[in-house]
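Okay, so here's the structure we're looking at.
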Amino acid sequence: MSTTKSSFGDFNNQKVELYTLSNDKGMSVKITNYGATITSIKVPVDDEVREVACGFDTLDGYFGEDYKNNSPYFGCTVGRYCSQIKDAKFTLNGKEYNLADNCGPNNLHGGAVGYDKRVWSAEEVTVEGASAALKMTLASKSLEEGFPGNVEVSVVFSINNANELQINYKALPDADTPLSLTNHTYFNLSGFTESIENHTAQVNTDKRLETDDTGAATGVILNLEDKADDLRVGKRIADVHQAMNDGFEHFYVFDNPNSELIQTASVSNPSGDLSLNVFSTEPCMLLYTGKYTSDDLKREDGTPFGKYRAFCCETHRYPNGPNIENSPGSITKAGETFKSTTIFKFK
């Protein structure tokens with residue numbers, strides 16, 4: 001239906017804008033070009049419009065001490081390589097590249113100044129079948145945060161009247177380089193009136209990646225059949241938390257060698273009045289239930305975030321992929337185009 005733009009502040013002498021995408025059904029998505037970050041998703045449910053995403057209404061919210069100390073990456077676009085790279089290094093074409101160790105000994109979400117902390121260029125675009133669409137672009141220089149190659153990156157956010165938010169990523173490097181882009185939105189389908197532990201989660205695979213004691217993937221694929229975290233049949237999140245004695249930080253993997261758009265997950269709230277279906281071309285999805293999110297975090301209107309108050313379905317290449325032999329699509333060759341699509345469908 002429309003895209004509107006308003007001022008969201010200034011960062012490093014650059015103007016930061018807030019864009020609102022709306023459809024004809026009452027759904028709206030707010031995105032700032034600081035970090036190509038989704039700040040709000042409102043979805044029509046019966047007679048209300050419900051906020052279902054963690055975020056802030058002002059740019060200052062992303063620079064508060066509680067937020068900086070916790071670093072939950074609410075809603076942002078993550079790159080050049082999301083999740084952890086073990087020991088903050090990798091070898092490519094016989095050369096070792098060293099990265100920032102910003103997560104214990106490992107590199108996390110692209111480093112100290114990843115794509116989430118950059119100001120992107122933005123323009124309204126037309127996407128077939130969409131009610132509104134926004135394209136954001138970024139130039140990532142060679143050896144920025146230690147990664148080789150200059151990369152031209154674009155992300156197109158669009159919504160349609162089926163209440164689908166589609167995110168299309170493209171990136172073109174001039175040298176072989178690791179690339180794995182994702183969106184880091186946290187969802188609560190009950191509108192933050194309760195935790196997400198009574199949500200039901202289904203993930204359409206019986207495999208996930210093993211992680212070591214630092215949180216980095218080892219490359220070993222675990223079979224989850226008959227395990228608590230086998231979610232091929234939907235389970236109440238609290239029940240699995242209790243069985244695992246822990247929250248979810250699980251990298252589920254999918255047999256999708258041709259990068260087709262497949263349904264990876266479905267999550268519904270306890271009242272059954274809203275569900276989220278996730279579709280992606282990616283080989284991996286992190287299901288994260290906010291076990292490290294600080295209880296001190298809240299929206300400016302007092303909406304409480306915090307531990308188990310929201311979940312993420314982050315679709316991407318294998319974490320630590322540059323160090324895992326035959327990790328699908330973790331390295332994009334010079335002159336090749338990285339492509340990825342994820343759809344979040346609310347119903």
Side-chain angles (χ1 to χ4, degrees), residues 21 23 27 29 31 36-38 40-43 45 50 52-55 73-78 82-83 129-130 155-160 162-169 180-191 196 199-209 224 229-237 240 247-256 258-270 272-290 310-319 328-329 339-347:
L21 281 58
N23 69 7
M27 178 181 174
V29 179
I31 311 164
T37 299
I38 293 172
S40 167
I41 300 175
K42 292 183 177 179
V43 182
V45 184
R50 183 178 300 170
V52 297
C54 292
Y73 294 89
F74 285 164
C76 64
T77 297
V78 178
C82 62
S83 297
V155 183
V156 175
F157 302 88
S158 62
I159 65 171
N160 61 25
N163 291 338
E164 294 175 337
L165 166 61
Q166 180 163 325
I167 307 176
N168 289 307
Y169 306 85
S180 180
L181 307 177
T182 195
N183 178 269
H184 211 302
T185 293
Y186 291 64
F187 302 96
N188 183 313
L189 302 178
S190 296
I196 50 90
H199 283 45
T200 297
Q202 179 178 343
V203 180
N204 299 324
T205 180
D206 61 352
K207 300 179 180 67
R208 71 172 175 90
L209 287 168
L224 301 180
D229 48 356
D230 180 353
L231 301 182
R232 287 175 295 168
V233 175
K235 295 180 181 178
R236 179 173 168 265
I237 290 174
V240 188
F248 277 96
E249 192 176 24
H250 283 35
F251 296 97
Y252 287 95
V253 295
F254 305 91
D255 294 324
N256 190 15
N258 297 320
S259 300
E260 297 174 355
L261 188 66
I262 61 172
Q263 184 169 352
T264 57
S266 179
V267 184
S268 59
N269 68 5
D273 65 4
L274 187 61
S275 63
L276 172 63
N277 292 333
V278 183
F279 303 82
S280 184
T281 57
E282 290 297 282
C284 184
M285 186 194 79
L286 172 62
L287 176 63
Y288 176 58
T289 51
F311 67 92
C312 300
C313 290
E314 300 167 52
T315 55
H316 48 65
R317 310 292 154 95
Y318 285 12
K339 293 182 180 180
S340 174
T341 296
T342 293
I343 296 173
F344 297 110
K345 179 179 177 62
F346 298 91
K347 66 175 189 175

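Just so you know, residue 1 is the first one in the sequence shown, and it goes up from there. Hydrogens, waters and symmetry mates play no part in the numbers below; they use all other heavy atoms, side chains included.
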Main chain of [Y], side chain of [X]: is a donor-acceptor contact present, judged purely on distance under 3.5 Å?
{"X": "Asn204", "Y": "Gln263", "result": "yes"}
{"X": "Asn23", "Y": "Asn160", "result": "yes"}
{"X": "Asn269", "Y": "Leu189", "result": "yes"}
{"X": "Thr205", "Y": "Phe254", "result": "no"}
{"X": "Thr315", "Y": "Thr342", "result": "no"}
{"X": "Ser275", "Y": "Lys347", "result": "yes"}
{"X": "Arg317", "Y": "Gly329", "result": "yes"}

Can you sort out the partners of [X] under side-chain contact (heavy atoms from CB on, under 4.5 Å), two or more places apart, ordered by chain and number?
{"X": "Pro328", "result": "Pro283, Tyr318"}
{"X": "Asn256", "result": "Glu260, Ile262"}
{"X": "Lys235", "result": "Leu231, Val240"}

Residues in ring pair (Phe, Tyr, Trp, His ring centres under 6.0 Å) with [X], at least two apart?
{"X": "Tyr169", "value": "none"}
{"X": "Phe248", "value": "His241, His250"}
{"X": "Phe251", "value": "His316"}

- Message: Is the ring pair Tyr186/Phe74 parallel, tilted or perpendicular, if the boundaries are 30 and 60 degrees?
- Response: perpendicular

Residues in side chain to side chain donor-acceptor pair (under 3.5 Å) with [X], at least two apart?
{"X": "Ser190", "result": "none"}
{"X": "Ser83", "result": "none"}
{"X": "Ser158", "result": "none"}

- Message: Please find the pair of heavy atoms, one from Ile41 and one from Ala53, that lie closest to each other, and give the distance.
- Response: N-CB, 3.8 Å

- Item | Heavy-atom closest contact (Ile196 atom, Phe187 atom, distance) | CG2-O, 3.8 Å

Would you please name every residue forming a salt bridge (Lys or Arg N to Asp or Glu O under 4.0 Å) with [X], sequence neighbours left out?
{"X": "Lys345", "value": "Glu164"}
{"X": "Arg236", "value": "Asp239"}
{"X": "Glu314", "value": "none"}

- Using distance alone, with no hydrogens and no angle criterion, decide if Thr264 and Ser280 have a side-chain donor and acceptor under 3.5 Å apart. no

- Message: Are Phe279 and Thr341 packed together at the side-chain level, in the sense that at least one heavy-atom pair is separated by less than 4.5 angstrom?
- Response: no

- Task: Take Leu165 and Met27, measure what side chain to side chain contact (heavy atoms under 4.5 Å, CB included) needs, and give me the verdict at the end.
- Result: CA-CA 10 Å; Leu165 166 61; Met27 178 181 174; 4.2 Å; yes

